[in-house]
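Right, one structure below, let's go through it.
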Amino acid sequence: MPRTPHFAHRCPPPKHSPPALHISLSLHAASRYLSHHHHHRAPYTGTRSAPTMAAAAAFSFSVLPFLLLLLLLLLPSLDAASNVTYDHRSLIISGRRRLLISTSIHYPRSVPEMWPKLVAEAKDGGADCIETYVFWNGHEIAPGQYYFEDRFDLVRFVKVVKDAGLLLILRIGPYVAAEWNFGGVPVWLHYVPGTVFRTSNEPFKSHMKSFTTYIVNMMKKEQLFASQGGNIILAQIENEYGDYYENAYGAPGKAYAMWAASMALAQNTGVPWIMCQESDAPDPVINTCNGFYCDAFQPNSPAKPKLWTENWPGWFQTFGESNPHRPPEDVAFAVARFFEKGGSVQNYYVYHGGTNFGRTTGGPFITTSYDYDAPIDEYGLRRFPKWAHLRELHKSIKLCEHTLLYGNTSFLSLGPKQEADIYSDHSGGCVAFLANIDSDKDKVVIFRNRQYDLPAWSVSILPDCKNVVFNTAKVQSQTSMVGMVPERLQASKPYQWSIFRERTGIWGKNDFVHNGLVDHINTTKDSTDYLWYTTSFNVDGSYSSKGSHAVLNIDSEGHGVHAFLNNELIGSAYGNGSKPSFTMQLPINLRTGKNELALLSMTVGLQNAGFSYEWIGAGPTNVNISGLKSGTINLSSNSWVYKIGLEGEYYSLFKPEQRSNQRWVPQSEPPKNQPLTWYKVNVDVPQGDDPVGIDMQSMGKGLAWLNGNAIGRYWPRISSLNDRCTPSCNYRGAFIPDKCRTGCGQPTQRWYHVPRSWFHPSGNTLVVFEEKGGDPTKITFSRRVVSSVCSFVSEHYPSIDLDSWDKSTTNDPTAAARVQLSCPKGKNISSVKFASLGNPSGSCRTYQKGSCHHPNSLSVVEKACLNTNSCTVSLSDEGFGEDLCPGVTKTLAIEADCS
């Protein structure tokens, strides 16, 4: 949703800034539908080539055995350099055109112990390549002070990808947006005098160049660019700048974009550079597309290939809103259309979203979960059917790779909204994509004298121009139902709780006193979410007489506030993802004489995108008390006393070395519904090896840590009952984030990922800071487990085995479709809840028999599947008996439990 910048109480924007424009919450929305211009550019040719072995011929045969032995010893440590260039059709790696499936995995949104499995899951899903941003503010924590440990160990991550045999796209940015705090730019840079972000501004450009060079040199030192024998094949500078920001910042914006490209090229990485959403990217930089659909995109030169840097397979979540989902049929449709129309590199943003640990979320109001409805879920589990449906798509496209990249293309209309794109090469190869872009009607088309069934909004892939190996709308893979299974925090009672109660308002010595209200972010510089504003005022005796109804009024730029009157919490108010600013009107009871007002203002992640986003403020801008007979008391210009952060933060009570800090007070039973309270409890490791989340539904809002590791902000904020949810999701037609939502009337995020590697075998400490009050005794760990699997396959679904398919053999198009089910490793199918061959309807867990049902369905499925880890049931299995409903298209629906 667009939002307007707020300049109140922040450093003013430069005098020559254009007027404020609408700002987008997302990194994507501002530039999603930019137009792309066409210019003739010279192709990028590259400068380096792979080393040759020509010199070896000069050696005599007498030393050959010794050299061979030496070569064998050295082989594991030698990687031949790859020359990465491009032409109009694709990237060219080591002299060969490549069609690449790329998948975004952001290293700091998981933990190093998860990286190898995440990368392996992407590779198994058909990925050739991993893509990641580089998160500037996670690395340069102060000017010239760098951090590359733990989750921010970039070199380790790149090497994990390399060890898996995958390529890597490094999006250095270093502005990244990404729903990440401050768009990835360090907050300290905003306070370097004279700095304006992302325009032709010398302090910004100097620091940006310095960091970019630091990262490039780090990669060069480890020999990680393809030109050095590494796996980095592309690098990105800036991020989604393009027409939107060039117009917003005017001539200095255009100059900045051209400078960024020039600065990047001067780094001499030996691999091409890209700029996404940058229609005027200068040669030889490749401009690329971001969006839900990029089939219509064309690069700005006929010499550049068509690359898609961000295909959004879902969308991010915002505290207090329902949760968006993008159907796998639509994701597959978008990918197939892209390759159909000449695309050559497609990257999922994101393939694994992960977790915004600690205070890394942007937005503001982005959730701690960055699950994104991605093919691999936040916890690292495959999301079925999305992961598997896309894997089948990738296999199908790879069958076509050579003909797509080296063949000639032709277009054929098959109807008003039906079409074919045909590729043929000199070796006789022929590939066809048959598309029905009608968002409503299924169609039957004739292509080369054959009849093909095309569901609405779908693409069929024919690697031999005859046989359909995949249709984007026909999901053959199973659906897995995942649940959170609760576990007690400890195996044995009594829990060993300790608490620390924050003081309301000023603790210790105040930071400063000021007449008037100051900007929250300028004051904290994002060192903490919290800032105390405290003041006092007097009420005379007339207040208690009849006719006074006092109301506390607060206007705030965001993001939230807890109001305390005379040490009692009297109310809380927040903005939201669409509008961070808010107002609060709260009836209050004053006492005659002196009253103390303390406002705990808080941020929920800093703005991460938009024109002049770094100037947007937070905190109260107006405070008064109305409804008094004597008139309104204006407190805005009062003397306010300020304190940055919390006492518990100051003493680092969340750190393991503070476990025995004397401020912790042991309690046999912790207090409930008490604001400003720190809780500490010893916890056990949840059993098994399933991923773990912590259930915070019983709490209000705050922060949590395990063994000193920051789990992140928790806030089980409930979405509205009528927040755009639909009982079912129709994949047909163009997707928007409002289209397929679930979870109305429920917390946006109830469970918070706790990586298993953060647990010790014993002696684990959970620390929670609760802002407004909750019941800590109801906090539980939960294991994320697959509880049941479902499938819904019809007889006209493609039945060709993609792994063994060979164009030279005749495929039987009449082979029966089949259902394949599998439980996670170590689990078996324990019961079959539903089975029907006929015309069943519904979705997983709500299947219903139709007018056609074969009575043997359950026994056939139980025979094949019970007590097995995986099973296959053909729709032509003889056990189903004779066809009871001739003329009805048969579908087999199954739901089974795993245990």
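- Arg359 places no side-chain N or O within 3.5 Å of a backbone atom of Ala710 that could act as its donor or acceptor partner.
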Yes or no on side-chain hydrogen bond (donor to acceptor under 3.5 Å, both in side chains) for Thr583 and Asn553, after CA distance, side-chain angles and deciding distance? CA-CA 7 Å; Thr583 59; Asn553 303 288; over 6 Å; no

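- No hydrogens or angles considered: nothing links the side chains of Tyr379 and Asp371 as a donor-acceptor pair under 3.5 Å.
- Taking the six-membered ring where the residue is Trp, the centroids of Phe781 and Phe759 are separated by under 6.0 Å.
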Hey, mind stepping through Asn356 and Thr361 against side-chain hydrogen bond (donor to acceptor under 3.5 Å, both in side chains) and telling me if it holds? CA-CA 5 Å; Asn356 294 312; Thr361 67; 5.5 Å; no

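- Residue Glu113 qualifies as enclosed at atom CD: its count of foreign heavy atoms under 6.0 Å is above 12.
- Ring-centre distance between Tyr107 and His139: below the 6.0 Å cut-off.
- Among all heavy-atom pairs drawn from Pro324 and Phe316, the shortest one is CG-O, 3.5 Å.
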Let me see the working for Glu487 and Arg783 under side chain to side chain contact (heavy atoms under 4.5 Å, CB included), right down to the final yes or no. CA-CA 7 Å; Glu487 300 237 332; Arg783 291 179 296 110; 2.8 Å; yes

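- With 3.5 Å as the limit, one finds no donor-acceptor pair spanning the side chains of Ser477 and His389.
- Side-chain atoms of Gln749 and Gln317 form no donor-acceptor pair, as typed in the model, at a separation below 3.5 Å.
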Show your working on side-chain hydrogen bond (donor to acceptor under 3.5 Å, both in side chains) between Ser601 and His520 and close with a plain yes or no. CA-CA 8 Å; Ser601 174; His520 178 125; 2.8 Å; yes

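- When every heavy atom of Cys276 is checked against every heavy atom of Asn239, the shortest pair comes out as SG-OD1, 3.5 Å.
- Atom CD1 of residue Ile644 and atom CD of residue Glu649 lie 11.0 Å apart, to the nearest 0.5 angstrom.
- Between Arg732 and Asp330 no salt bridge is recorded (no basic side-chain N to carboxylate O distance below 4.0 Å).
- Under the 3.5 Å distance criterion, with hydrogens and angles disregarded, no donor-acceptor pair is assigned to the side chains of Glu179 and Tyr372.
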Mind running ring pair (Phe, Tyr, Trp, His ring centres under 6.0 Å) on Trp758 and Phe357 for me, showing each step along the way? CA-CA 12 Å; Trp758 286 0; Phe357 294 112; 5.0 Å; yes

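- Once rounded to the nearest 0.5 Å, the distance linking CD of Gln674 with CG of Leu676 reads 8.5 Å.
- At a cut-off of 3.5 Å, with distance as the only test, a side-chain donor of Glu502 or Trp678 sits close to an acceptor on the other residue.
- Side-chain contact check for His559 and Thr603: no donor-acceptor pair (N or O, by modelled atom type) lies under 3.5 Å.
- Remark: Glu310 engages Arg171 in a salt bridge, criterion side-chain N to carboxylate O under 4.0 Å.
- Between the side chain of Thr367 and the backbone N or O of Ser369, at least one donor-acceptor pair lies under 3.5 Å.
- Separation of the Phe182 and Phe197 ring centroids falls under the 6.0 Å cut-off.
- In plain terms, the two heavy atoms of Leu118 and Ser110 that are nearest each other are CD1-OG, 3.5 Å.
- A salt bridge links Asp897 to Lys833: at least one charged side-chain nitrogen sits closer than 4.0 Å to a carboxylate oxygen.
- No side-chain donor-acceptor contact under 3.5 Å links Asn290 and Gln277.
- For the 3.5 Å distance criterion, the side chains of Trp751 and Ser782 qualify, holding a donor opposite an acceptor.
- A salt bridge does not link Glu378 to Arg109: none of the charged nitrogens lies less than 4.0 Å from a carboxylate oxygen.
- Side-chain N/O atoms of Tyr351 and Trp387 include a donor and acceptor closer than 3.5 Å.
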Checking side-chain hydrogen bond (donor to acceptor under 3.5 Å, both in side chains) for the pair Ser698/Asp775: CA distance, chi angles, key distance, verdict? CA-CA 5 Å; Ser698 68; Asp775 184 352; 5.6 Å; no

Apply side chain to side chain contact (heavy atoms under 4.5 Å, CB included) to residues Trp308 and Tyr349 and explain how you reach the verdict. CA-CA 10 Å; Trp308 190 0; Tyr349 182 101; over 6 Å; no

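- The two residues Tyr293 and Ala334 come nearest to each other via the heavy atoms CD2-CB, 3.6 Å.
- Nearest heavy-atom pair across Leu569 and Ala563 is CD1-O, 3.5 Å.
- Side-chain contact between Ser104 and Tyr348: absent, with no pair of heavy atoms (C-beta onward) separated by less than 4.5 Å.
- Ile554 contributes atom CD1, which lies 9.5 Å from atom CD of Gln585 (distance to the nearest 0.5 angstrom).
- At a cut-off of 3.5 Å, with distance as the only test, a side-chain donor of Ser843 or Thr846 sits close to an acceptor on the other residue.
- For the residue pair Asp526 / Asn181, a side-chain donor-acceptor distance below 3.5 Å is found, with atom types taken as modelled.
- Remark: Lys525 NZ is packed, more than 12 non-hydrogen atoms of other residues, nucleotides or ligands lying under 6.0 Å away.
- Between Pro675 and Asn673, the shortest heavy-atom distance links the atoms CD-O, 3.9 Å.
- With rounding to the nearest 0.5 angstrom, the SG atom of Cys844 is 5.0 Å from the CD atom of Glu895.
- Rounding to the nearest 0.5 Å places CG of Leu381 at 9.5 Å from CD1 of Ile376.
- Between Trp180 and Tyr175, a ring centre-to-centre spacing not shorter than 6.0 Å is recorded.
- Taking the six-membered ring where the residue is Trp, His190 and Trp615 present perpendicular rings, their angle passing 60° and hence far from 30°.
- For the pair Arg382 and Asp377, the salt-bridge criterion is not met [side-chain N within less than 4.0 Å of a carboxylate O].
- Checking Thr742 against His325 by side-chain atom types alone, a donor-acceptor pair falls below 3.5 Å.
- A donor and an acceptor atom, one from each side chain of Ser102 and Glu131, are nowhere located under 3.5 Å apart.
- Between the side chains of Asp373 and Trp315, not a single donor N or O lies within less than 3.5 Å of an accepting N or O.
- A donor-acceptor contact closer than 3.5 angstrom links the side chains of Arg845 and Ser788.
- Between the CZ atom in Phe135 and the CZ atom in Phe152 there is a gap of 8.0 Å [rounded to 0.5 Å].
- For Asn311, the side chain to side chain donor-acceptor pair (under 3.5 Å) partners are Arg326, Gln346, not counting sequence neighbours.
- Judged purely by distance below 3.5 Å, without hydrogens or angles, the side chains of Glu321 and Ser719 never pair a donor atom with an acceptor atom.
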Should Asp689 and Arg756 be marked as a salt bridge (charged side-chain N to carboxylate O under 4.0 Å, His left out) after you check the CA-CA gap, both sets of side-chain angles, and the distance that decides it? CA-CA 8 Å; Asp689 56 6; Arg756 277 219 174 247; over 6 Å; no

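- The ring of Tyr574 has its center no closer than 6.0 angstrom to the ring center of Phe365.
- Below 30°, between 30° and 60°, or above 60°: for Tyr714 and Tyr752 the angle between ring planes is above 60°, a perpendicular geometry.
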